[in-house]
Amino acid sequence: RMRLAPGCHQKLRRFRRHRRPLRHRTASTPGETFRYTSGPYATLARVREAEMPSIGVLPFANMSADADNEYFSDGITEEILNALSRIPTIKVAARTSSFALKGKPLSISEVGQLLNVRTVLEGSVRRIGQHVRIGAQLVSTADGYHIWSERCDRELKDVFEIQDEIARSIVDRLKVKLTAAQNEALMARHTENVEAYELYLRGRHCWHRWNIPGMTQKAMLYFEQALA
C-alpha cells in the first residue's frame with residue numbers, strides 16, 4: 001500500500017470536495033459544446049437555459065378568398081419558424097406542437113402554457129393574384145400585450161424579403177445578439193425563384209397530409225416540378 005506524505009490526506013479530501021463536476025459532450029447545439037451534469041455549473045446552465053427567450057409560431061391564418069391558398073399561409077409560417085429555429089439562443093416550439101393548435105379557440109396564456117413559451121407569433125396572409133399582404137404580431141404570453149406588430153403589402157416576388165424582415169424583427173424584439181454565422185443562417189434561402197418556391201410550398205403542404213391517400217405522391221410531383 002502506498003504511503004502519502006503528511007498533509008496529503010487533507011489536501012486530497014479538499015480536492016475531492018471542491019473538484020469540478022464531470023461534463024459531457026452534447027450535440028444539441030451547433031458546434032461542439034460541453035454541458036455540466038452536476039454541481040453548481042449544471043445549476044447555472046439550467047438557469048441560463050430557463051432565461052433564454054422562447055417563442056411559439058402559430059399557423060398564420062389564410063385570409064385569401066381562395067381556401068386553397070392555405071398552403072401559402074402555412075408555408076410562410078413554417079419558413080419563419082425554421083429561420084428562428086436556426087438560432088441556438090432562442091427556444092422555438094416544434095412545428096408539430098404549434099400546428100396542433102391550428103384553429104383551436106385558445107387564449108394567448110393557454111397557448112403559452114401548452115407550448116411552454118413566453119412569446120407567441122401569430123399572423124395572417126391575404127393573397128390576391130400577385131399581391132400579398134402579411135400581418136404579424138408578437139405577443140407576450142404572460143399578460144397578452146403586444147410586443148411588436150407589422151403589416152406588409154408587397155408583390156409576391158418580395159415574399160422572401162418579407163419573411164426575412166419578420167424573422168429579423170422577432171430576433172431584435174427578443175433582444176438576441178447574433179454572431180455573423182447566426183445572422184447568415186437566419187437569412188438563408190433555399191431558392192430565389194418564386195415559382196419554384198410556390199411549388200415547394202404546395203409539395204410540403206401535401207407532404208404533411210401523408211395520412212390522406214394520394215397526398216404523398218402528389219407531394220413528390222410538386223417537389224419534382226420545383227426542381228425542374
Side-chain angles (χ1 to χ4, degrees), residues 55-87 90 92-95 98-99 102-103 119-139 146-174 176 178-210 215-228:
I55 185 171
V57 183
L58 294 181
F60 282 24
N62 174 30
M63 304 301 290
S64 306
D66 187 353
D68 289 340
N69 275 325
E70 184 180 15
Y71 82 90
F72 190 74
S73 56
D74 282 356
I76 295 292
T77 305
E78 290 188 67
E79 289 298 300
I80 295 172
L81 188 155
N82 290 337
L84 294 174
S85 66
R86 298 187 196 112
I87 310 303
I90 301 177
V92 183
R95 178 204 179 278
S98 296
F99 272 71
K102 186 174 183 177
T119 57
V120 168
L121 178 68
E122 56 183 4
S124 61
V125 178
R126 181 186 297 275
R127 180 178 173 181
I128 304 176
Q130 295 301 305
H131 184 82
V132 61
R133 172 182 292 175
I134 300 177
Q137 44 273 338
L138 183 66
V139 186
H146 280 70
I147 300 173
W148 165 89
S149 65
E150 188 68 58
R151 190 181 76 175
C152 303
D153 287 282
R154 306 278 188 84
E155 294 299 313
L156 181 61
K157 61 182 177 63
D158 297 325
V159 65
F160 303 117
E161 284 74 16
I162 298 174
Q163 291 172 172
D164 290 348
E165 289 173 13
I166 293 175
R168 167 62 64 186
S169 296
I170 296 303
V171 169
D172 290 343
R173 290 297 176 172
L174 293 180
V176 175
L178 302 181
T179 64
Q182 290 170 350
N183 185 67
E184 185 178 347
L186 182 69
M187 300 293 111
R189 299 177 184 175
H190 299 294
T191 181
E192 297 290 341
N193 187 312
V194 175
E195 184 178 352
Y197 178 67
E198 280 203 80
L199 289 168
Y200 167 69
L201 293 186
R202 287 182 181 275
R204 193 163 62 180
H205 189 70
C206 294
W207 184 264
H208 288 309
R209 286 154 180 75
W210 57 269
M215 278 298 178
T216 302
Q217 292 80 1
K218 195 172 182 180
M220 295 305 296
L221 288 175
Y222 280 127
F223 290 148
E224 288 172 0
Q225 292 175 35
L227 293 171

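Values reported hereafter were calculated over all heavy atoms of this structure, with side chains retained and with hydrogens, waters and symmetry mates removed. Throughout, residue positions are numbered sequentially from 1 according to the sequence presented.
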For the residue pair L81 and R95, what are the closest heavy atoms and their distance?
-> CD1-CA, 3.9 Å
Heavy-atom check, side chain of E150 versus side chain of S169, under 4.5 Å | no
For residues V132 and F72, determine if any side-chain heavy atom of one lies less than 4.5 Å from a side-chain heavy atom of the other.
-> yes
Just how far is it from atom CD of Q225 to atom CZ of R202, taken to the nearest 0.5 Å?
-> 9.5 Å
F223 and W207: which non-hydrogen atoms are nearest, and at how many Å?
-> CE1-CE3, 4.2 Å
Can you measure from CD1 (I128) to CG (L156) and round to the nearest 0.5 angstrom?
-> 12.5 Å
Correct closest heavy-atom pair for P59 and K102 would be CG-CB, 3.9 Å
Sequence neighbours excluded, the answer for side-chain hydrogen bond (donor to acceptor under 3.5 Å, both in side chains) partners of R126 is none
For H205, side chain to side chain contact (heavy atoms under 4.5 Å, CB included) partners two or more places apart | E70, Y71, D74, R209
Between the CZ atom in R204 and the OH atom in Y222, the distance rounded to the nearest 0.5 Å is 14.5 Å
Heavy-atom side-chain contact between I55 and L138 under 4.5 Å = yes
Does any non-hydrogen side-chain atom of H208 lie less than 4.5 Å from one of E78?
-> yes
Listed partners of Q130 passing side-chain hydrogen bond (donor to acceptor under 3.5 Å, both in side chains), at least two apart = none
Set of side-chain hydrogen bond (donor to acceptor under 3.5 Å, both in side chains) partners for Y197, sequence neighbours left out = Q163
Sequence-distant partners of R127, salt bridge (Lys or Arg N to Asp or Glu O under 4.0 Å), two or more places apart | E198
Please identify each residue that fulfils side chain to side chain contact (heavy atoms under 4.5 Å, CB included) with D158, with sequence neighbours left out.
-> R154, E155, E161
Minimal non-hydrogen separation, F60 against G135, with atom names | CE2-O, 4.0 Å
OG1 of T77 to CD1 of I166: how many Å apart, nearest 0.5 Å?
-> 9.0 Å
Taken to the nearest 0.5 Å, the spacing of M187 CE from D164 CG works out to 4.5 Å
Does any N or O in the side chain of R173 come within less than 3.5 Å of the main-chain N or O of W148, such that one atom is a donor and the other an acceptor?
-> no
What one should report as the nearest heavy-atom pair of G123 and Q137 is CA-NE2, 3.7 Å
Residues S98 and V57: closest non-hydrogen pair is CB-O, 3.2 Å
Could you state the interatomic distance from CG (L84) to CD1 (I90), rounded to the nearest 0.5 Å?
-> 5.5 Å
Do D66 and S64 have side-chain N/O donor and acceptor atoms under 3.5 Å apart?
-> no
